[in-house]
Amino acid sequence: MPPCGEELHQSVSPVLAVQTEGQRHKRTAQPHARDKACHLIDSAHIKYDYENENGEQAAGEEEEVLRPQPLELHLAAHAFIDRIFGHRLKEKRTQNRGGDDQEDTGSEPARSGFRRIRIARTELLIDPHSADQADDGADGVDQLGRRVEIRRDHLRSLLNAGHAVTLLRCGVLHRCVFDDAVNALAPKFEAAGVDMLEVSGGVQYEGLQNILPSHSQKIGMNVYEASEIKKVVNIPVFVVGKINDVRYAADLVERGLVDGVSMGRPLLADPDLPKKAYENRFDDITPCGSCGGRCITPEDPHHPVCKCHINPLVGHEYDYPFNPTDKPKKVLVIGAGPGGMYTAVTAAERGHDVTVWEKSKQIGGQLNLAVVSPGKQEMCKWLTHLNYRAKKAGVKFEFKKEATVENVKEFAPDAVVVATGATPLIPTFIKGVGDYPIITTHDILSRKVTIPKGTVCILGGGEVACETAEMLMADARPNSFATTGSIGDVEVTLVEMQPQLMTGVCLPNRNIALASLRREGVKSYINSKVLEVTEHEVKIQHKDGTEEWLKGFDYIVLGLGSRKYDPLSEELKAFVPEVHVIGDAIKPGQSSDAMHQGFHVGYEL
């Protein structure tokens, strides 16, 4: 049995223990904060049991807190919520669907044998919109609190004796008066028999970025609300929301701000996070970058499949068992971008002799450009982690070395992986492009070109173009150094052919970015095709066929995407037994595409 309590405090720093199924832990009624830190619970991966060995209170204890065992499953059946909390959910769905309501189906919880029921969509209990529909003149908070009391017996009648009820989404009430909601509702939830509160972004109709906080959202964004709720109840209060570092999670519990922390996406990035933390192997934890990638933005919306940018094994955990190679090869990886790094790490961990050539002075490739725009710095963790794994596995690096047919032939590898990435697309088919000095979004993001002030037109409205605009506005210093004129206002205009900006970008990140662009006064033209450019002007064609000259720009920046860059693979095939091409060198895409391809190549070598 692993250590816990005081014994754990001496063996794990920061204080953390994650108990697996069958392990038991006793607590007194008012445990020390460091004992509370023993309970980092994730319902998708970890099971708990707080009973003593005989299933009863042991003699000599002050008071033993016996809690039921939460299973992995959770219930999100709309019909079940309807039966518990009345017609309010149906009213909300009817409004949202324009009156076309459909009956939802769900299984009866008692029949399912759940020991812990997580109720999704209970945010309607504290929905500020309900204040507009009060039946009896009471405000929304009072009416909804009364609804909890009315339904408490009905709620309990649906549950077997001893079952725990967890109420989700009870924290971020940005349209309600938060203090009133806390003081009025939280105690009512407790009185109604709720065993635990979990504070999250819930299901906010107007703010997906608060439900799944990603880029630009602060870490622990719901901690304040959870800590305030904890002050007025005597039941455990958990928090969730961009808490990716288990050490930070343990610190929140240690300081008494919350009783526990729930994690979702970090356990996609590394399902072994609890085990590694328990063993003090924090550097081995694969970090979640809160990227809002394939975990919440599927490649095919019609066939959504959950994936993870940094963990290619999500959904395929048993398809790729770790098998050290019995035929080590001399492997050369050309390019140290995310795809090349993942190939090198995977191959070296399996026992191959791996060398990486990188023509620049650092690892990262185009990911180094992605992380400089505002709010995306957490993705730097991926490079740090891959660099750590590469060094641990014995990967050799040679920087400022560009691969050629001659030096590859001299190196004589058994296998070569071409991960040379992509280069900015220069649209020579647009009249005027090439007649004047060219600036690309890559030049700005890499700081090769600095724009201290002036008017800028960015051709393109995709993710990279919009993030470049964000960075330019973040760098701007209006009215600064006015006497010298060295730095001043920057005005940015985006021209996009698509009907919207940032097409295909996940909604949490897109919402935040577009709000930032609007706030900074960035202008945009959508459904607009670029016909011609001069040194200071851009000619565009609108959707209706009309043409317009946009004039007066100090800088015109190309942000129309990238094109693959693979100058070697075909020639290498003539003398290298095994040649693979991955990532943007095949087709420009996301860093996750390159890393997943890199993993598969490294695994199959």
Side-chain angles (χ1 to χ4, degrees), residues 366 369-370 372-374 421-476 489-506 509-510 513-565 584 587-590:
Q366 293 198 55
L369 306 182
V372 300
S373 59
T423 57
L425 174 65
I426 307 300
T428 54
F429 52 84
I430 296 177
K431 185 178 180 180
V433 171
D435 297 340
Y436 307 95
I438 292 174
I439 301 175
T440 69
T441 52
H442 289 61
D443 294 331
I444 295 174
L445 293 172
S446 65
R447 300 296 188 179
K448 181 180 178 181
V449 173
T450 301
I451 297 179
K453 65 175 183 177
T455 56
V456 183
C457 181
I458 300 177
L459 306 185
E463 183 174 17
V464 175
C466 289
E467 288 175 351
T468 302
E470 268 197 288
M471 197 183 82
L472 288 173
M473 300 310 297
D475 286 348
D489 285 329
V490 173
E491 296 180 5
V492 178
T493 299
L494 294 160
V495 180
E496 170 58 40
M497 191 174 180
Q498 297 293 325
Q500 65 178 11
L501 299 177
M502 302 184 76
T503 299
V505 177
C506 80
N509 294 337
R510 186 173 182 271
L514 293 184
S516 173
L517 296 178
R518 286 192 296 267
R519 185 171 58 251
E520 297 294 339
V522 173
K523 301 174 185 178
S524 63
Y525 292 84
I526 58 174
N527 290 314
S528 300
K529 180 180 179 180
V530 178
L531 300 178
E532 183 179 350
V533 298
T534 68
E535 189 172 6
H536 301 291
E537 300 173 340
V538 176
K539 185 180 181 180
I540 63 174
Q541 183 182 60
H542 298 293
K543 186 177 181 180
D544 60 5
T546 60
E547 298 179 359
E548 179 183 0
W549 277 98
L550 308 178
K551 302 180 179 181
F553 298 112
D554 299 307
Y555 304 90
I556 296 176
V557 179
L558 300 180
L560 297 171
S562 302
R563 62 188 308 169
K564 67 178 183 178
Y565 179 67
D584 287 357
K587 177 183 177 183
Q590 295 191 356

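Worth knowing before you read on, the calculation uses all heavy atoms, side chains too, and leaves out hydrogens, waters and symmetry mates. A quick note: this is a predicted structure, and the numbers were derived from the prediction, not measured.
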| said: I'd like to check Val533 versus Leu459 (side-chain heavy atoms, cut-off strictly below 4.5 Å). Are they in contact? | reply: yes
Contacts under 3.5 angstrom, residues 513-524 side chains, donor-acceptor by atom type, not counting sequence neighbours:
residue : atom : partner : partner atom : Å
Ser516  : OG   : Glu470  : OE2          : 3.3

| What distance do Glu491 atom CD and Tyr555 atom OH have between them, rounded to the nearest 0.5 Å? | 13.5 Å
| field | Over all atoms of both residues, closest heavy-atom pair of Asp554 and Gly454 | value | OD2-CA, 3.3 Å
| task | Grab the two heavy atoms, one from Leu425 and one from Leu560, that are nearest each other, plus how far apart they are. | result | CD2-O, 3.5 Å
| note | Taken in chain and number order and not counting sequence neighbours, the residues that satisfy salt bridge (Lys or Arg N to Asp or Glu O under 4.0 Å) with Glu463 are Lys376
| Out of Val495, Thr468, Ile439, which one pairs with Ile458 under the side chain to side chain contact (heavy atoms under 4.5 Å, CB included) rule? | Thr468
| query | Rounded to the nearest 0.5 Å, what separation is found between the SG atom of Cys457 and the CG atom of Leu558? | reply | 10.0 Å
| said: Once side-chain contact (heavy atoms from CB on, under 4.5 Å) is applied, do any residues pair with Tyr436, and if so which ones, sequence neighbours excluded? | reply: Thr534, Glu535
| query | Nearest heavy-atom pair of Gln498 and Thr503: which atoms, and what distance? | reply | CB-OG1, 4.0 Å
| said: Keeping Thr441 on the side-chain end and Val557 on the backbone end, is there a donor-acceptor pair under 3.5 Å? | reply: no
| Could you state the interatomic distance from CD1 (Ile526) to NE2 (His542), rounded to the nearest 0.5 Å? | 11.5 Å
| query | With sequence neighbours left out, what residues match Gln500 under side chain to side chain donor-acceptor pair (under 3.5 Å)? | reply | Arg510
| Sequence neighbours excluded, which residues qualify as side chain to side chain donor-acceptor pair (under 3.5 Å) partners of Thr440? | Asp443
| message | Applying side-chain contact (heavy atoms from CB on, under 4.5 Å), can you list everything that pairs with Met471, at least two apart in sequence or on another chain? | response | Val372, Pro374, Ile444, Leu445, Arg447, Asp475
| side chain to side chain donor-acceptor pair (under 3.5 Å) partners of Asp584, counting only residues at least two apart | none
| request: Determine the sole option in Ile556, Ile426, Val530 for which the side chain to side chain contact (heavy atoms under 4.5 Å, CB included) test with Val433 is passed. | output: Ile426
| request: Looking only at non-hydrogen atoms, find the nearest pair between Leu494 and Ala469 and report the distance. | output: CD2-CB, 4.3 Å
| note | For Lys551, the side-chain contact (heavy atoms from CB on, under 4.5 Å) test, sequence neighbours excluded, returns Glu537, Trp549
| About how many Å separate CG of Leu472 and CD of Glu467, when rounded to the nearest 0.5 Å? | 12.0 Å
| Pairs meeting criterion salt bridge (Lys or Arg N to Asp or Glu O under 4.0 Å) with involvement of residues 539-548, two or more places apart | Lys539-Glu547
| For Gln366, which residues count as a side chain to side chain donor-acceptor pair (under 3.5 Å) partner, sequence neighbours excluded? | His442
| For Ala465 and Gly460, which heavy atoms make the closest approach, and how far apart are they? | CB-O, 3.3 Å
| said: Please check this pair: side chain of His536 against backbone of Phe553, looking for a donor-acceptor N/O pair closer than 3.5 Å. | reply: yes
